Each structure stands twice: as C-alpha cells, then as structure tokens.
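Notes follow the structure.
Numbers restart at 1 for each chain; the letters A, B, ... are given by sequence-line order, proteins then strands. Note that this is a predicted model, so its numbers are computed, not measured.
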Amino acid sequence: MTDIQASETPNEGTDEERYDPATIEPKWQAYWEKAQTFLTPEKPGEDRYYVLDMFPYPSGAGLHVGHPESYTATDILARSKRAKGTSVLHPMGWDAFGLPAEQHAIKTGTHPRDTTVANINNFRRQLKALGFSYDWTREVDTTDPAYVRWTQWIFLQLFHAGLAYQDEVSVNWCAALGTVLANEEVIDGKSERGGHPVERLPLRQWMLRITKYADRLLAGLEGVDWPNSTRIMQGEWIGRSEGAEVTFEVKGQKPIEVFTTRPDTLFGATFMVLAPEHPLVAEVTTEAQREAVEAYVAKAKNKSDRDRQQSKEKTGVFTGGHAINPVNGAEVPIWIADYVLMGYGTGAIMAVPAHDTRDFEFATAHGIPVIEVVKGDAPEGECFTGHGVAMNSGKYDGMTTADVKAAITKDLEADGKGKARVEYKLRDWVFSRQRYWGEPFPIYFPVTCDGDPRKDDEHTIHYDQPIAVDESELPVRLPELDDFQPGDDPAGVLARAKDWRFFQKDVEGEKRWFARETNTMPQWAGSCWYYLRYCDPHNEEALASKEALETWLPVDIYIGGAEHAVLHLLYARFWHMVLYDQGHVPTPEPFGKLVHQGMILGEDGVKMSKARGNVINPDDVIAAHGADSLRCYEMFMGPLEATKPWNTDAIGGVRKWLDRCWKVARMVRDGSDGAYDEATKKSVHKTIAKVTSDIDELKFNTAISAMMVLSKELEKAGAPREGVEALAKLVHPFAPHLGEEMWAMLGHEPSIQNAGWPEADPKLLVDDTVEIPVQVNGKKRAVLELAADATEDQAMEAAKQDPKIAEALGEGTLRKVIFVPKRILNLIIK
RNA sequence: GGCCGAGUGGCGGAAUUGGCAGACGCGGCGGAUUCAAAAUCCGCUUCCCUCGGGAGUGUCGGUUCGAGUCCGACCUCGGCUACCA
C-alpha cells in the first residue's frame, strides 16, 4: 500500500505550493475506502470502545451543519481511540421509515422506497466527503427487509410476552384527510392543514405495555452517565407519584374511587370532580341538572386534549349528586369539569380548595366553601400547597403532613375505604399508525366470509383473535402500491391492498380466510434497537449474536440531540429491558455515557431555517475550505453542548491553522529540521497532555486552541521533525485528511492511525521556574520569576528585592503572608 | 406557572475548579510586501485616564488574605414542560 504519497502539485517546492484540501481530501477518502482502514476488528482486544451517533433520518434536504457537529465529535473519539490501540465500533445507518417520503409519494407518485434510496445515497456521499471513519460494512437501514425482519421479530417477543395488545383509543380522526392526526396537528377542532373538521373517535390501536416497566425505567436512570437534565426530564415523563386510592360512597349508587397524593387533606375535601367522560356521570346526575351536564359533556367531547388544556379557565357543572366523605361522613357535592382528565388516576378527584391551586380556582369561580386543614403561611386569598401541621382534622390535628398521610391511609385501609396507591403519568405506548411507509405488523386475524373478501364480499375480521406470523415467515413485506393517498378507511392505507391483506390458509383440512394487520409501526420502532444490529449487522439467525452483543454492549458513548431526551431514549431503554429479561441482550441498560450536542444557529443568531434564508450548506463549506476546515471549525466554535451561532468568517482562522500545520510538515519534507530544543520539546509534551485530556473530556475547542499555539511555535523553531510528527498525530483525529497528508510528507507509510498516539513525558510537563504574581492587599504589584520549588522564605526574599514591593513594605507593617507554591504571594500590610 | 441551563471585550469563547480575568479565533486599527490590489506576514486591540494608575466577569449583599468560580436575594435571556389530583 505505498502507491499513496504526498500530493504532487505542479509547483512543488516553490512558494506557490499550498495546502489544497480539494486535492488531498478526495485522495485520502479513496485510500481509506480501498485499504478498508476503519473496519471493526474481527477479534476485538480487551480494550474496546463503542462510540455511537444518533443515526439520521435521510431527508431530501441532505445534511445540515448540525450533523457534522456531533459526527465530528464522535469521529475524533473513534480515531484517537484507534490510534491508542483500542478496538473501536463506530457505525452509521439510516432511520429511513417516516412521513416525508410518504408525503412526497402522495404528491409526486414516486415510491417512498425510491425517494429513500436516493436520499440515503446522498447522505452517504456527504458523510464520506466529511471523512468520517465509519465502518461502512456495518451500515444499517431500518427499511431494509433484512432489518425489518428483526424489528418484527422483536415485536413478536413483546406480543408473546403479553406486552403488546390492542385497545380502542380515542384519536383525532380527520375524515377529509383520511388519517389520524397528532394532538399538535389539531387546532380548534380543525385540522392544522386544510381546516377540515376533526373528530375524537375510538379506534383500534396496537399498544405496548411500557407502564409495566415504569419503575425499572425510573430506577435505571440512577445508574447511567447522562446529563442531569435529561434524567430529570425522563423521570418527570414517567411521573411516579405515591398517594392513596379513596372510596367515596354515593347513596344508592356505585361508589366513586379517587386518587390523591394528599390523603392528609381529606377533611378539607369540600367537593368532588369527575372527568366529563367518567362512566358514573350519568348515574350521579339528577334530573334537574341533566340538561346542563349533557351539554357540558358534549362540548368537552369534541375538544382535543390540547384545546382542553389550552384554557386554564376552570369551567364545570354541578351534577346535583352528593358523595360521602369517608373520614367524617360529610356530604360533598359532585361536579364535572374538564380540568380533571379521564386518563390519569381514576378520572375523579376529591377537591381540596384550601390546599390545591386548581381546586382553589374552581371553588372560587363556583362559590364552593374552602376549609383549611393544614396550617400554612399562605397569604390571604391564596392557597397553601406545602406541608405543615394538620388542623380541623379530628384526631389527626397536630400531626405533620407526612404522619397524617400514613395514618389516614392506614385507617382507611382498615375500614376498607382506601389503600396506598402509586400512579404514573406514563401511559401505554400507542404503537400503530395508519401509514404506508413503516414496518407491517407480523400479525393476522381470522376472517369469516362466504365468498371472497378481496372482492368486497361480506366478511367479518376477528380482531379479537390476533395470530402471530410464524418467525420463519418473517419479514412481512409491504405490498406494492402506486397510490399512497390516505383513504376514508381508518384501518389505514394498507387496507386498500386487498390481495396483500387477505389470504387463504389450510386449517384442519379446510381453506379459511385471514386478514393481515393493516396498521404499520411508528418510526420509533426501527430506532429502538439499531445500536444492537450494528454489533452484528449481517446475522441471519438472530438480531445479533450473543458474542457480538457481549463484546460491544453497553454503548460507551452516545451523542445526539436533546430533542430525543425523552421519547427515543425511553422507548429504546424499554425494548432493551424486555430483551434483557428474555435473555437476548447481556446488559440491563443500553447506553452508558450520553451527551447532547448544542444547536448551531444561523449567522443572525437564530435557528437556521429555509424561511429565514440563514441555512448553511455543508457542501458549500467543503467546496470553499475543505472538510477538515469544516470539521475543525465546528469543534472550535465552542463547547460541544452549547448552542452557538455560525460565523462564516471564523472558518478562515481555522483554515489558516491547518495551512500552518501543512506548512511545517512541508518544511520537514524539504529538509528544514530545526533544533528540537528543550523549550520546544516541553511545549510539544504539554500540548500532547492537554489535547489528550481535552479529548477525553470532549473539550475539542480548547484542544484545537492548544494545537494552534504549538503549530506556531514549531514554525518559529524551524519545524523540528519530532515535534511536527507529534503534531500530525494530534491533529489527525480532528483533520484526518491533513493528518494523513502530513504523515506522508514526513515520509511515512499510511495510515497515520496506525502510528500510535503520542505520550506525554511527565518530566517534561513541569517547569523549573515559574512566574508568580505578588499581591499587596490583594492587588498585583509585581511578578517574580522563582524556582518551581521555592519556599515561602525564598519568595519573600525575592519579593523584597522588588522596588515596588519594598516601597509598599516600607509604608506599613506586614501582618500576614499568604504563599501558595507556584501560584501566588499575597502580602497583607497595614 | 414549573423544571433545567446560561449571563465574561465589538463578536465566538478561555480561565489548572478559590490564586495574574480575557488563552485561542473572528472583527477592527497600524505596519511590511506590492505599481496597485488580493493573498500572506508582523504588531496593537476590555474600558477610563492627568501615563502614575483606576475600574471591570448581569444587579445587590455575604464568606475569604484573595471570588468569573462558593453562599443568599433579585434581573435578563434560552431550552423543555405545562391543569397528572
């Protein structure tokens, strides 16, 4: 592999010869491709590192500058680890199912697969042009049937474990658009696009029982090395709260169950509220109130969740009914109001206006009495929601909130009127979509039909008897369609593919009809487990071999946007835990360290968007300055996690630095070999130490700054070979093409990645002498050059020699001397 | 409203975690080179000033010999979340 050499330019050796990324970058990319430089080792050593990027959705717009930010960070980690001899897994792939390709298909008739393939090819080209060291033989595509097969296989494991089930869920159905809409796509009961009416409709959906894992998903957050804010967000999303279930009897009718986190305030419950959809509403409503209640229920029904929550105004209607407070036998009026949600707890609350803001607002608006039961310090006209000491609470008076909670719950339980209960905000996961471009469910149902259901002969699909497709028949492929328009059938686009949907099978010697599930999985499905497939992407016997998973899991570092802090990361952890329980993966958690890169804003300091016209295209930057400059600039902008604005001018500064690196390598090649004196040597080793630790801490901006300083120094020193070689090794993870080019110019064989990582000599990191500032009463008055191991006496002696210090000492008495070796000498004089 | 994060030159940002505030880069100014320009290189660049110094890290207060860093109160901006009983 010696056919690669430093670039030959027409003016070699003259002043015209320049650092020319347009020439060297494609050359080294071709070399890497041919030499397969970045293959994952087949027999990984003991020291292993799995560095993972959140894989992109390959959109038609191509890469934006946010992609190279985190991808460069992980590439620096991967390359520097490989240089150190670590076995690295650094893969890339495509989260390629999803709505945009389908929408494009609806508009243009182009099959989503064609759009997806074209977009992937463009993304791959762009990523290769950036010189990332991915092992492309492990590329994964969530839409590839060989991948879908295992996504479906995992679904079947969930299904067999009772974690996947069907349920009627109230969704936003828009008949005009023929599709279900997300809450944020519904405004004022109309579709966001087109303004068509949207109704709340119960539809059959596939659900995943993620709530069963709520406690473990919460507990697992304790042990992961994640940003604190992300752990808090996931914790709040799971939303565990401890409280009690309390039974309120209703005369002559079914009792009402409520959930409360404040059973200690039961004596202050002056009314109850049922959600408008609560099943007991009709029962408790008196004739006199029926009309008003029905009108309110009807109005609430067609409001989306979002609309319902938009207005904070506390509306509601009295039902006329009363319930009995179990602790004191008091009769409390029962209201209905939409601030109580059917989906949480029991859909009914006991309202304690004295100690709950929402109940307080409601009571104030509707003239309901307020009884204080916890002594607090809230100002008049406000309610006290904190903890304190009980009052107006019978035998519990004088006890603390925590004690009353425990005592009342215990007493209620003894009376059979309540018990402790834990609630979660987390809901089971609605896992089906009525789209085309997603994974089909490996599920079918029996059909009763006298004729042929494909010909619309009358038939019944028995959705209550789902049958799993045999694992040997996976994957279930999508049918070919040429019309991707949503239809009027809530069963989804696939319902129109009748030849695909309905099929016959022999059962007990008789041909029977069956119908495939026509929903598809959401985009989250593929991204829930792609990091597992990377470990062993071509395995046909399993989603990945046990050995491969044991070798690489858990992921050592995972870098991606904070927008996935909750959903993607929660869903992936859920699947991982299920697979762990079934023995398919070796670790309880998938990801070790997690980092979110910050957003890159436009030059105007606001989010990049087409509408604002402030979008920077990486292709343009590469054309103007090269990939290495783009990579280094993005790392130099500031801390990886920070949001920071783009500044095109500043790229020039980074490029100048790369140019200088190239120049010192050329100086060596052309015979200039400056003396590697002690001072230069020390600078080199200090930079090695700084860059090495900065990479470990992901402080790429300061690592580059240190290399900028060193390259200037090496140039001044006449490019001593040993120093330039160290510089090349330090630079190469950041600017890999330049690193290879420098290495070649220095007369070495590629790849520089195999040249090892430089090691700092600890002896060279300490200076013999140090400059220490001398302060008088905290103000700097002089700087002394002292031996590094100087004692306080020696420092004082030197300080007295300084005229300014001597003068200050003469003006007052020395009260105190603070001497911190190598840091400071502070003299307190009065 | 709640939670999280951040406020340092004209700008992006450094600061060994309590020890010389402003590294490095952009921009600006001055100079070299050039017939000229581009490119390149060198120097200066927090503010005020009487050239000795004085002030200075969102505001006010505190701890300390010493605070950008720690503590308390507040202000501003950004992100997420939002009636979850």
Side-chain angles (χ1 to χ4, degrees), chain A residues 15 18 227-233 235-237 239-241 243 258-262 265 272-273 275 305-306 308-314 337-352 355-359 361-362 385 423-427 562-563 565-566 596 598-599 601 603 605-607 632-633 636-639 641-657 659 690 693 699 701-709 712 771-783 815-829:
Chain A
D15 285 346
R18 317 187 57 119
N228 204 30
S229 57
T230 302
R231 293 187 356 216
I232 290 171
M233 265 194 256
E236 285 177 351
W237 186 263
R240 182 191 153 100
S241 50
V258 304
F259 172 72
T260 177
T261 55
R262 294 296 299 272
T265 61
M272 294 187 76
V273 185
D305 286 353
R306 196 187 179 80
R308 235 166 104 158
Q309 289 165 16
Q310 207 89 68
S311 155
K312 297 272 188 222
E313 205 187 322
K314 296 282 178 296
D338 66 3
Y339 82 90
V340 172
L341 310 172
M342 195 57 222
Y344 184 78
T346 61
I349 61 161
M350 61 176 221
V352 184
H355 306 291
D356 180 284
T357 323
R358 297 150 301 180
D359 298 345
E361 284 166 13
F362 191 87
T385 57
E423 266 298 323
Y424 300 89
K425 283 194 212 172
L426 185 69
R427 298 295 138 78
E563 67 272 22
V566 174
H596 302 304
M599 211 196 322
L601 306 174
E603 295 203 80
V606 296
K607 207 171 154 173
C632 290
Y633 170 63
F636 187 63
M637 289 172 83
E641 293 94 331
T643 304
K644 41 212 176 260
W646 185 267
N647 178 6
T648 295
D649 285 341
I651 302 170
V654 172
R655 181 178 178 157
K656 257 185 244 168
W657 164 58
D659 202 348
K690 170 83 176 148
S693 64
K699 288 159 70 174
N701 53 335
T702 49
I704 289 174
S705 160
M707 289 187 282
M708 284 173 167
V709 174
K712 252 187 201 168
E771 287 193 338
I772 81 163
V774 184
Q775 294 181 343
V776 175
N777 295 337
K779 289 201 190 303
K780 184 175 114 181
R781 286 293 117 109
V783 176
R815 300 281 170 161
K816 196 171 177 186
V817 177
I818 292 112
F819 178 67
V820 184
K822 294 185 208 176
R823 286 285 123 80
I824 205 160
L825 177 66
N826 191 4
L827 309 176
I828 309 306
I829 294 172

Hey, does [X] reach any base, or is it just sugar-phosphate, or nothing, if we go heavy atoms under 4.0 Å?
| X | answer |
| --- | --- |
| A/Val820 | base |
| A/Lys699 | sugar-phosphate |
| A/Glu771 | base |

For nucleotides 39-50 of chain B, print each protein N/O atom paired with a nucleotide N/O atom at under 3.5 Å, atom names and distance only.
none

Below 3.5 Å between N/O atoms, which protein atoms pair up with nucleotides 54-56 of chain B? Just atom names and distances, please.
none

[N] versus [M] - spacing of their [atom1] atoms, nearest Å:
| N | M | atom1 | answer |
| --- | --- | --- | --- |
| B/rG19 | B/rC70 | P | 11 Å |
| B/rA15 | B/rG7 | P | 12 Å |
| B/rU57 | B/rU69 | P | 9 Å |
| B/rG9 | B/rG68 | P | 14 Å |
| B/rC65 | B/rG31 | C1' | 45 Å |
| B/rC3 | B/rU8 | C1' | 26 Å |
| B/rC71 | B/rC4 | P | 14 Å |

Which nucleotide sits closest to the side chain of [X]: [options]?
| X | options | result |
| --- | --- | --- |
| A/Asp356 | B/rC20, B/rC3, B/rA85 | B/rA85 |
| A/Thr702 | B/rG27, B/rC4, B/rA15 | B/rA15 |
| A/Ser705 | B/rA23, B/rA85, B/rC4 | B/rA23 |

Can you confirm whether [X] sits close enough to [Y] that some side-chain heavy atom of one is under 4.5 Å from a side-chain heavy atom of the other?
| X | Y | result |
| --- | --- | --- |
| A/Leu601 | A/Met599 | yes |
| A/Thr702 | A/Lys690 | yes |
| A/Arg815 | A/Ile829 | no |
| A/Arg262 | A/Val352 | no |

- Please identify each residue that fulfils ring pair (Phe, Tyr, Trp, His ring centres under 6.0 Å) with A/Phe362, with sequence neighbours left out.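 So A/Phe362 forms a ring pair (Phe, Tyr, Trp, His ring centres under 6.0 Å) with A/Phe271, A/Trp335, A/Tyr339, A/His366.
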- Item | ring pair (Phe, Tyr, Trp, His ring centres under 6.0 Å) involving A/Trp646 - partner list, sequence neighbours excluded |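 Here the qualifying residues are A/Tyr633.
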- Query: For B/rU17, does the glycosidic angle fall within 90° of 0 (syn) or outside that (anti)?
  - Reply: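 For B/rU17, whose glycosidic angle is within 90° of 0, the conformation is syn.
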- Is the glycosidic torsion of B/rG28 within 90° of 0, making it syn, or is it anti?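 Glycosidic conformation of B/rG28: anti.
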- Task: Can you sort out the partners of A/Arg240 under salt bridge (charged side-chain N to carboxylate O under 4.0 Å, His left out), two or more places apart, ordered by chain and number?
- Result: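 Salt bridge (charged side-chain N to carboxylate O under 4.0 Å, His left out) list for A/Arg240, sorted by chain: A/Asp215, A/Glu242.
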- Message: Under the rule for salt bridge (charged side-chain N to carboxylate O under 4.0 Å, His left out), what residues qualify as partners of A/Asp359, not counting sequence neighbours?
- Response: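 Partners of A/Asp359 by the salt bridge (charged side-chain N to carboxylate O under 4.0 Å, His left out) criterion come out as none, since no residue qualifies.
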- Query: Distance from A/Gln775 atom CD to A/Ile828 atom CD1, nearest 0.5 Å?
  - Reply: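 If we round to the nearest 0.5 Å, A/Gln775:CD and A/Ile828:CD1 are 8.0 Å apart.
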Could you run down the sub-3.5 Å N/O contacts of the protein with nucleotides 65-69 of chain B?
residue : atom : partner  : partner atom : Å
B/rC65  : O2   : A/Asn826 : ND2          : 2.7

- Message: Between P on B/rG25 and CZ on A/Arg655, what's the gap in Å once rounded to a whole number?
- Response: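 Distance check: A/Arg655 CZ to B/rG25 P gives 17 Å.
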- Message: If I take atom CZ in residue A/Phe362 and atom C1' in nucleotide B/rA85, what distance separates them, rounded to the nearest angstrom?
- Response: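 In whole Å, B/rA85 C1' and A/Phe362 CZ are 14 Å from each other.
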What protein N or O atoms touch nucleotides 11-13 of chain B N or O atoms at under 3.5 angstrom, if any, and at what distances?
residue : atom : partner  : partner atom : Å
B/rG12  : O2'  : A/Met637 : O            : 2.8

- Taking the nucleotide of RNA chain B with the closest heavy atom to each, which residue, A/Met233 or A/Lys425, is nearer the 5' end?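 Mapping each residue to its closest nucleotide by heavy atoms, the 5'-most match is A/Met233.
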- Query: Between A/Val654 and A/Ile232, which is nearer to the 5' end of RNA chain B once each is assigned its nearest nucleotide?
  - Reply: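 Closest to the 5' end, via its nearest nucleotide, is A/Ile232.
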- Message: Walk me through whether A/Asn228 and A/Arg231 qualify under side chain to side chain contact (heavy atoms under 4.5 Å, CB included).
- Response: CA-CA 5 Å; A/Asn228 204 30; A/Arg231 293 187 356 216; 3.8 Å; yes
- Consecutive Watson-Crick or G-U pairs in runs of at least 3, all under 3.5 Å, in which RNA chain B is involved: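 Runs of three or more consecutive pairs: B:1-7 with B:75-81, B:10-12 with B:24-26, B:27-32 with B:40-45, B:46-48 with B:53-55, B:58-62 with B:70-74.
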- Of all pairs that satisfy salt bridge (charged side-chain N to carboxylate O under 4.0 Å, His left out), the ones with a partner from residues 647-657 of chain A, not counting sequence neighbours: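 Passing the test, one end in residues 647-657 of chain A: no pairs.
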Can you list, pair by pair, the side-chain donor-acceptor contacts under 3.5 Å of residues 343-350 of chain A, counting residues two or more places apart and other chains?
residue  : atom : partner  : partner atom : Å
A/Tyr344 : OH   : A/Ser241 : OG           : 3.0
A/Thr346 : OG1  : A/Glu257 : O            : 2.7
A/Thr346 : OG1  : A/Ala348 : N            : 3.4
A/Thr346 : OG1  : A/Ala348 : O            : 3.2

- Message: List the residues meeting side chain to side chain donor-acceptor pair (under 3.5 Å) with A/Glu236, not counting sequence neighbours, and say none if there are none.
- Response: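 By the side chain to side chain donor-acceptor pair (under 3.5 Å) rule, A/Glu236 matches no residue at all.
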